[in-house]
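All remarks here apply to the structure that follows.
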Amino acid sequence: MERRFYWQLGVLLLLTIIVNLALFYWNTVAVQKSEQLNSNWQQITSSNLEKAVLLAKLDQSMGYGGFIHHFKNYVLRRDSSYLLSVQTDLAKVYDHIHALRKLKLSDEEISAIDIIESTVRTYAQKFSEVQSERFKRLGVEQLDEQVRVDDYSAERAQESLRASLRNSYEHALILQAKLRNETLSTIRLGAFVVSPIVCFAAILNMIALWRIAVLFRERDVLFEVTPDSILYCDKQGHITHVNKAMEELFGYSKAQLLSMKVEDLIPESNRTRHINLRQGYSGNSKLRHSKKDGLSIIGLHRNGTLLPLDIAIASVNHGAKDFSIAIVRDITQEEELVIKAERDYLTGVYNRRHAYSLLEDELIRANRYRRALSVLLIDLDNFKPLNDQQGHLAGDMALKHLCEFLTGSARPTDVIGRWGGDEFLIVCPETAHLSAMSFAQRLVKEFAEQAEHGLTLSIGVVAYDFVSDQLSANDCVDQADAALYRAKSRGRDQAVMFEVDLMMTSN
Ligand SMILES: Nc1nc2c(ncn2[C@@H]2O[C@H](COP(=O)(O)OP(=O)(O)OP(=O)(O)O)[C@@H](O)[C@H]2O)c(=O)[nH]1
């Protein structure tokens, strides 16, 4: 489910990237087209405008009020005041023709300009001629005849240049409209294709966000309603997040917990060890379980009570932000159940089943590491009369007292179990013949010295310097029982070491 969700998010991300790239592409194309449109228009308008201005100037400096007009006045009226105007306008005409030639021109325009220039040069020729003495003697009509120039073709050429300018504008307008239509189609196509994808991606985004919101809501609900206590802490151990169960477990409010460090919830004597453990876990995303790892963690309730805890920890690495999540469970009740299952309800020592199982473990260990092992089977002497005469309660008290005595006398590594009735078993690891016997004798002696009602102990002892893998827990207890039987038959209040012949006797 989670994998599918990540897949969906990946596809969504890919789609978003594609849509954005498509939008970017279409946008770039549209901008390029509009830039082309603009530059085309600028080119056409600026070159045509320049041409139009030069044509107008050429018109002005050539026609009425220009060079030809002043030339005719100068010649026919014989008015020398026009001389300068003729010369100035002629120079202008040449300048304008020269400037026009520099523009980008079609072949027709070039030949039109050639015609105009040739006509102007003919006029210029006539102009230099009329200034000679020979012309000064001619009458007006003769003079007119001499200076007449056929400028009809020049007029046609000018007209064709104007027409070409008009055509050029019209062509530019058509080209511009075409480009504009192309640009609009590109933009429309982009909008037509991309818009549905954008809408689709937006809907998918909304669905994904909605699903994420649902997941967050579910997580928050789970976080609060779970009976396990959950805690988040940062790398330094500052508590950053806790649920309701955590408040209840340690007796602090959420606000108080959020101002505390994890170690504030641990008894002072264990804090350093806990800091080391936590730092060892930090950055390790593997889930660790204190119980499975054999770690017993004790918590400290606000009221000072110690809480046996089972903690599962996972560290999460979020770039620079490492944090750990701990699921904490109070195992007081669990431990009580274990005690009930393993211990004898009256005396508190191990019950027969658990003592037997521990004996089996010790036999395996002794065999594996070639260590000595001893077993003592202890029975109260004359217990029945106490029960019969003083009642079961007095009997119970005597049994409890015996167990306290045994626990106080044995080593912490010894296993003490109630084998049944008034019979008790002590498994002594790493204890060979001599030590086992002297321990048993010490028990017999010291118990007799301090026991009430004249109670004494009979003990059957079995000791192995090396434990064979053939030896079962049953064999072991049988041998101790045989020795105990001998102790009883020898008059009680004593310890007897098992020997092989005892088995034959008891059989
Ligand atoms: N008060 C009490 N008595 C128990 C309990 N379990 C067994 N008994 C009694 O312990 C007695 C054990 O009997 P025996 O071991 O045969 O009697 P004994 O007088 O000790 O005999 P020897 O072991 O031969 O000295 C019986 O009377 C049982 O009823 C118990 O939990 N409480």
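Just so you know, ligand 1 is whichever comes first in the structure, and atom 1 is the first atom listed for that ligand. This chain uses plain numbering: 1 for the first residue, then up along the sequence. Fair warning: this is a prediction, and the values are worked out from it, not measured in the lab.
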Near R418 (heavy-atom distance under 4.0 Å), the atoms of ligand 1 are 5 (C), 6 (N), 30 (C), 31 (O)
What atoms in ligand 1 come closer than 4.0 Å to a heavy atom of L380? 20 (O), 23 (O), 25 (O)
Please report whether ligand 1 has a polar contact with G395, defined as an N or O pair separated by less than 3.5 Å (distance criterion only). no
Give the atoms of ligand 1, by number and element, whose distance to some non-hydrogen atom of D381 is under 4.0 Å. 25 (O)
Near R492, which atoms of ligand 1 are under 4.0 Å from a heavy atom of that residue? 22 (P), 24 (O), 25 (O)
Report the C-alpha distance between R486 and E499 in whole Å, list the side-chain angles of each, state the deciding distance to 0.1 Å, and finish with yes or no for salt bridge (Lys or Arg N to Asp or Glu O under 4.0 Å). CA-CA 10 Å; R486 173 60 62 90; E499 282 158 25; over 6 Å; no
When only distance counts, is D379 in polar contact with ligand 1, meaning an N/O pair under 3.5 Å? yes
Could you check, using the six-membered ring where one of them is a Trp, whether H241 and F323 have ring centers closer than 6.0 angstrom? no
Should K400 be listed as contacting ligand 1, given a heavy-atom distance under 4.0 Å as the test? no
I'd like to check R365 versus P429 (side-chain heavy atoms, cut-off strictly below 4.5 Å). Are they in contact? no
Please tell me if atom 16 (O) of ligand 1 is touched by the protein, where touching means a protein heavy-atom distance below 4.0 Å. no
Closest protein heavy atom (residue, atom, distance) for atom 25 (O) of ligand 1: N382 N, 2.9 Å
By the definition side chain to side chain contact (heavy atoms under 4.5 Å, CB included), identify the one residue from I459, D379, D344, T347 that meets it with F424. T347
Just need the protein heavy atom nearest to atom 7 (C) of ligand 1, so name the residue and atom and give the distance. G421 CA, 3.4 Å
Shortest non-hydrogen contact from Q256 toward R302: NE2-NH2, 3.4 Å
Do E336 and K340 meet the salt-bridge criterion of a basic N to acidic O distance under 4.0 Å? no
Between ligand 1 and Y345, is the shortest N or O to N or O distance under 3.5 Å? no
Considering only heavy atoms of D422, which atoms of ligand 1 have at least one such atom less than 4.0 Å away? 12 (C), 15 (O), 20 (O)
Is the shortest distance from a heavy atom of E423 to ligand 1 less than 4.0 Å? no
Could you check whether any side-chain heavy atom of I266 comes within less than 4.5 Å of a side-chain heavy atom of I297, counting everything from C-beta outward? yes
Could you find the nearest protein heavy atom to atom 10 (O) of ligand 1 and give me its residue, atom name and distance? F383 CD2, 3.0 Å
Nearest non-hydrogen protein atom, atom 22 (P) of ligand 1: K488 NZ, 3.5 Å
Given that the side chain starts at C-beta and the backbone is N, CA, C, O, which of these parts of N387 lies under 4.0 Å from ligand 1, counting heavy atoms, or is it both or neither? side chain
Can you name the closest pair of heavy atoms from F439 and S409 and give their distance? CE1-O, 3.7 Å
Look only at the side chain of R352 and the backbone of W419, and say whether a donor-acceptor pair between them is shorter than 3.5 Å. yes
Could you tell me whether ligand 1 has any atom less than 4.0 Å away from a heavy atom of P385? yes
Identified salt bridge (charged side-chain N to carboxylate O under 4.0 Å, His left out) counterpart of E224 within the set K254, K244, R217: K254
Scanning both residues in full, the closest heavy-atom pair of A436 with T431 reads N-CG2, 3.6 Å
